[in-house]
Amino acid sequence: MKKIFWSILLLFILIGSNIASANTGTGGLIGRINSKATQKPLQSVTIRILDTKFGAISKSDGTYKIENIPPGVYSVQYSIIGYETFVQSNVSI
């Protein structure tokens with residue numbers, strides 16, 4: 001399997017109500033995934049917040065958004081066929 005050829009650039013790790021209603025007590029995760037080798041966006045990367053039901057798939061510009069996540073500290077997994085799976089630990093929401 002190829003080594004990781006993307007860099008994960010988390011544009012924002014939002015806490016509280018920036019992408020969800022302030023009354024819900026939830027937060028969100030927004031990011032962009034680029035190829036490390038080419039710096040071009042990676043489309044169709046599966047993003048999962050481990051041990052939860054939350055996830056997303058990156059768009060053609062490499063961006064993704066996951067909303068309504070309960071506050072906490074999570075591990076986020078990034079995977080796509082042909083690349084090594086990457087897990088980012090200690091992501092605070």
Side-chain angles (χ1 to χ4, degrees):
M1 184 165 265
K2 295 179 185 177
K3 295 202 181 243
I4 296 176
F5 285 107
W6 63 50
S7 60
I8 307 300
L9 173 61
L10 297 177
L11 297 178
F12 301 105
I13 297 176
L14 301 175
I15 300 172
S17 63
N18 289 339
I19 63 173
S21 171
N23 295 330
T24 65
T26 62
L29 181 66
I30 297 175
R32 170 175 279 148
I33 303 170
N34 294 319
S35 166
K36 186 174 181 180
T38 66
Q39 296 305 308
K40 292 186 179 181
L42 286 177
Q43 176 179 325
S44 301
V45 175
T46 301
I47 301 96
R48 289 185 30 206
I49 300 178
L50 297 179
D51 300 323
T52 74
K53 64 179 181 174
F54 299 101
I57 296 176
S58 64
K59 298 179 184 179
S60 60
D61 63 356
T63 62
Y64 65 90
K65 176 168 58 170
I66 305 171
E67 299 177 302
N68 299 319
I69 306 167
V73 179
Y74 299 96
S75 293
V76 182
Q77 176 180 299
Y78 302 84
S79 61
I80 187 172
I81 294 173
Y83 291 85
E84 185 177 315
T85 298
F86 175 78
V87 176
Q88 176 74 44
S89 299
N90 298 315
V91 177
S92 295
I93 305 293

Which atoms form the tightest heavy-atom contact between Gln77 and Thr85, and what is the distance? CG-CG2, 3.5 Å

Minimum heavy-atom distance between Ser92 and Val73, given as atom pair plus value: OG-CG2, 3.8 Å

Give me the ring orientation class for Tyr78 and Tyr64: parallel if the planes are under 30° apart, tilted from 30 to 60°, perpendicular past 60°. perpendicular

Side chain to side chain, [X] and [Y], heavy atoms closer than 4.5 Å:
X	Y	result
Tyr83	Leu42	yes
Val76	Ile47	yes
Arg32	Asp61	yes
Tyr74	Asp51	no

Partners meeting side chain to side chain contact (heavy atoms under 4.5 Å, CB included) with [X] (sequence neighbours left out):
X	result
Lys40	Thr38
Pro71	none
Gln43	Ser60

Between Ile69 and Ile49, is a side chain to side chain contact (heavy atoms under 4.5 Å, CB included) present by the stated rule, with each step listed? CA-CA 9 Å; Ile69 306 167; Ile49 300 178; 3.3 Å; yes

Rest of the hydrophobic cluster containing Leu50 (Ile/Leu/Val/Met/Phe/Trp/Tyr, side-chain heavy atoms under 4.5 Å)? Val87

Roughly how far, to the nearest 0.5 Å, is the OG1 atom of Thr46 from the CD1 atom of Ile33? 9.0 Å

Nearest 0.5 angstrom please: Leu29 CG to Ile66 CD1, how far? 5.0 Å

